Amino acid sequence: MDGKNIRVRFAPSPTGYLHVGGARTALFNYLFAKNTGGTFILRIEDTDRTRFQEDSLKEIFESLRWLGLDWAEGPEKGGNFGPYIQSERLDLYKKHAQILLDRGMAYPCFCTSERLEQVRKEKEARKEQHGGYDRHCRDMSKEEAQKLIDAGTPYVIRLKAPLEGSVSFMDGIRGEIETPVTMVDDTVLMKTDGFPTYHLASVVDDHHMEISHVMRGDEWIASTPRHVLLYQAFGWTPPVFAHLPVILSPDGGKLSKRKGAASVMDYKKAGYLPEALVNFLALLGWNPGDDREIMPLTDIIEAFSMNKISAKPSVFDEQKLEWMNGQYMENYDPTQLLSELEPMWAERGLPVNGFDEVYKKRVIALLQVRSKKVTEIAENADYFFKDPEEFAEQQAKKQFKRMVLPALEKIMERAVGIQWSREAADTLFHAVADELGMSPGKINPVVRIALTGVGGGPDLFDMLDLLGVETSMRRIKKAHDFIDKNVEG
RNA sequence: GUCCCCAUCGUCUAGCCUGGCCUAGGACAUCGCCCUUUCGAGGCGACGACUGGGGUUCGAAUCCCCAUGGGGACGCCA
């Protein structure tokens with residue numbers, strides 16, 4: 001495809017946080033743009049003043065940027081097709097509503113919401129085929145309408161939809177979709193408050209911003225015919241549409257906040273890496289055509305194509321996300337992890353300020369390979385910053401035996417004054433075990449518990465090395481005394 | 001209710017367009033075993049699916065129809 005002309009947009013409305021479904025839509029648009037050498041545009045659809053939320057914009061920008069989906073045109077960026085916030089484009093919509101009015105393809109409607117509600121109820125009671133407006137004001141004379149307008153009667157502007165025939169459009173994922181026009185009622189274009197509806201605004205903007213492909217959630221499929229009708233009324237060529245299937249929660253319903261963390265920023269807080277989330281989201285409803293799963297963004301971009309997008313809704317499997325995150329954790333840059341971890345450690349009340357950056361990064365290096373989430377590093381690093389206060393009961397019961405006491409004593413004796421290192425510790429421990437005729441399997445687990453208070457964790461000698469001889473021996477002494485005091489024969 | 005969309009292991013999916021290479025491949029999860037004197041990672045293996053019924057065809061997961069199931073839409077919300 002000719003990249004020069006490919007222009008796609010992600011068009012969220014600022015009514016709350018960015019959830020993973022929206023993020024996936026943004027991602028697919030981004031991938032398509034990058035793959036074709038096109039332009040990824042961000043546009044804010046804030047035409048509903050009642051649902052607008054002040055913090056929402058900030059949150060959306062932050063989420064997108066955290067994911068690495070920066071836009072080439074849009075708010076805070078500018079571009080030749082701005083402004084990119086719909087509430088700043090009201091004149092454009094008004095002008096276009098007027099064009100349709102002048103052409104007799106739209107008309108003012110004075111029906112109150114109460115009457116509309118009434119009509120809806122009656123239709124429902126009669127089990128009529130399809131809901132929608134009964135076109136009450138459609139044939140009102142121009143004079144009569146003008147009189148009402150002059151009298152200050154509130155009104156909306158509706159599209160005069162054709163009464164027979166059918167509309168069809170090309171869906172990039174599903175193929176052609178055809179709808180009988182009887183399913184399309186006279187859509188409201190301009191609301192009483194002077195703001196456009198989504199339908200008018202998105203069509204006008206997509207046209208003026210020269211959007212070539214509209215990739216959006218598939219809840220829009222049913223409204224697309226009315227969009228096509230609008231393009232026809234204006235005499236414009238519609239873009240290619242591609243409706244992305246929804247993301248479902250594990251129990252089948254639509255993914256929502258109640259069913260786990262649905263917002264992008266919640267995933268950040270939960271310890272996920274943006275690269276992993278992006279990789280995971282890319283594979284929800286799309287695949288590269290081969291068996292690759294762990295794919296850096298550049299590879300995803302390169303492999304991306306619209307016709308590999310599935311039309312089937314998919315379930316958001318957090319377990320798989322976790323696995324994938326673990327894959328990214330293993331090789332992640334410790335410096336970056338550190339900046340995430342600092343506040344988390346501080347929150348746990350750990351005296352991290354007493355340790356230098358090199359030390360902290362070594363802690364991270366030891367833990368990142370065995371953690372699936374950033375938060376796991378935060379939770380399992382306590383003993384690198386302070387002595388364990390107690391010993392895990394089960395492990396202690398199993399390993400703390402009086403027979404290891406001499407070994408611990410010998411280790412402490414010999415450790416004095418030696419040049420400490422991982423190898424030195426290793427040598428020392430084996431020598432002691434040898435001399436006493438004991439298996440290291442009896443001694444090492446005890447030292448592990450002494451050092452960390454728990455049963456699992458990094459390699460024992462790596463920890464001995466990092467912790468240093470002084471701290472290590474202090475902890476061994478503590479465990480030694482504990483055993484001496486509490487363990488019988 | 002009406003209209004639209006969708007349908008392969010529990011989950012994400014390959015295969016479907018252009019029928020035969022499919023005794024249906026991979027991944028997550030689960031369960032074994034190996035490795036590692038810990039945990040995790042890793043290796044090996046097991047379990048596990050073409051929603052059902054009719055066609056078309058020498059042959060169907062693949063094409064057609066119907067049924068069923070799931071999802072969406074039917075707002076002066078997007």
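Letters go in sequence order (proteins before strands), and every chain restarts at 1. Everything numeric here is computed off the predicted structure, so don't read it as measured data.
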Heavy atoms only, 4.0 Å cut-off, all strands: where does [X] land among base, sugar-phosphate and nothing?
| X | answer |
| --- | --- |
| A:S314 | sugar-phosphate |
| A:S202 | nothing |
| A:D290 | nothing |
| A:C109 | nothing |
| A:V156 | base |
| A:P12 | nothing |
| A:E330 | sugar-phosphate |
| A:G285 | sugar-phosphate |

Legend entry - Under 3.5 Å side-chain donor-acceptor pair for A:T15 and A:Q53: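 Short answer, no.
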Check: [X] ring centroid to [Y] ring centroid under 6.0 Å:
| X | Y | result |
| --- | --- | --- |
| A:Y231 | A:H207 | no |
| A:F195 | A:Y93 | no |
| A:Y272 | A:Y328 | no |
| A:Y198 | A:W220 | yes |

Inset, instruction - Test salt bridge (Lys or Arg N to Asp or Glu O under 4.0 Å) on A:K320 and A:E318 and set out the steps. - result: CA-CA 5 Å; A:K320 187 151 187 178; A:E318 187 135 352; over 6 Å; no
Inter-nucleotide [atom1] distance ([N], [M]), Å rounded:
| N | M | atom1 | answer |
| --- | --- | --- | --- |
| B:rC47 | B:rG53 | C1' | 29 Å |
| B:rA41 | B:rC50 | P | 31 Å |
| B:rU56 | B:rG69 | P | 27 Å |
| B:rG48 | B:rC31 | C1' | 12 Å |
| B:rA7 | B:rU51 | P | 10 Å |
| B:rG19 | B:rG15 | C1' | 12 Å |
| B:rC22 | B:rG43 | C1' | 28 Å |
| B:rC12 | B:rC33 | C1' | 27 Å |

Considering every strand shown, what is the Watson-Crick or G-U wobble mate of [N] when both distances are under 3.5 Å?
| N | answer |
| --- | --- |
| B:rU62 | none |
| B:rA73 | B:rU2 |
| B:rU18 | none |
| B:rC44 | B:rG32 |
| B:rU68 | B:rA7 |
| B:rA24 | none |

Which nucleotide in the list [options] gets nearest to the side chain of [X]?
| X | options | result |
| --- | --- | --- |
| A:E45 | B:rU38, B:rA78, B:rG26 | B:rA78 |
| A:I177 | B:rC5, B:rG72, B:rU37 | B:rC5 |
| A:H430 | B:rU37, B:rG10, B:rC3 | B:rU37 |
| A:R448 | B:rU38, B:rG10, B:rA78 | B:rU38 |
| A:N287 | B:rU37, B:rU13, B:rG26 | B:rU13 |
| A:P440 | B:rC4, B:rA7, B:rU37 | B:rU37 |
| A:K308 | B:rU8, B:rG15, B:rC39 | B:rG15 |
| A:R120 | B:rU37, B:rC76, B:rG25 | B:rC76 |
| A:Q327 | B:rC76, B:rA78, B:rA41 | B:rA41 |
| A:L284 | B:rC12, B:rA78, B:rC76 | B:rC12 |

Inset, instruction - Apply side-chain contact (heavy atoms from CB on, under 4.5 Å) to the pair A:K442 and A:Q399, showing each step before the final yes or no. - result: CA-CA 7 Å; A:K442 292 284 174 211; A:Q399 306 290 166; 6.0 Å; no
Legend entry - Base B:rC5 paired with A:R174 side chain (donor-acceptor, <3.5 Å):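 Flag unset: no donor-acceptor pair detected.
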Inset, instruction - Classify the side chain of A:K320 and the base of B:rA27 as holding, or not holding, a donor-acceptor pair under 3.5 Å. - result: yes
Nearest-Å distance, [atom1] ([X]) to [atom2] ([N])?
| X | N | atom1 | atom2 | result |
| --- | --- | --- | --- | --- |
| A:I173 | B:rG72 | CD1 | P | 17 Å |
| A:R226 | B:rC3 | CZ | P | 17 Å |
| A:D317 | B:rU11 | CG | P | 10 Å |
| A:L283 | B:rA27 | CG | C1' | 9 Å |
| A:M170 | B:rC5 | CE | P | 13 Å |
| A:R216 | B:rC77 | CZ | C1' | 14 Å |
| A:I377 | B:rG40 | CD1 | C1' | 12 Å |
| A:H243 | B:rG72 | NE2 | C1' | 11 Å |

Inset, instruction - Mark yes or no: A:R135 above the aromatic ring of A:Y133, with NZ or CZ under 6.0 Å from the six-membered ring centre and no more than 45 degrees from the axis. - result: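 Cation-pi check for A:R135 and A:Y133: fails.
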Inset, instruction - Decide whether a cation-pi geometry holds between A:R216 and A:F241; the criteria are a distance under 6.0 Å from NZ or CZ to the six-membered ring centre and an angle within 45° of the ring axis. - result: no
Inset, instruction - Indicate whether OP1 or OP2 belonging to B:rG75 is found under 4.0 Å from a side-chain N or O atom of A:T197. - result: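 Answer is no, no contact under 4.0 Å.
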Legend entry - N or O in side chain of A:K312 less than 4.0 angstrom from B:rU8 OP1/OP2: yes
Legend entry - First encountered from the 5' end of RNA chain B, between A:P458 and A:G289: A:G289
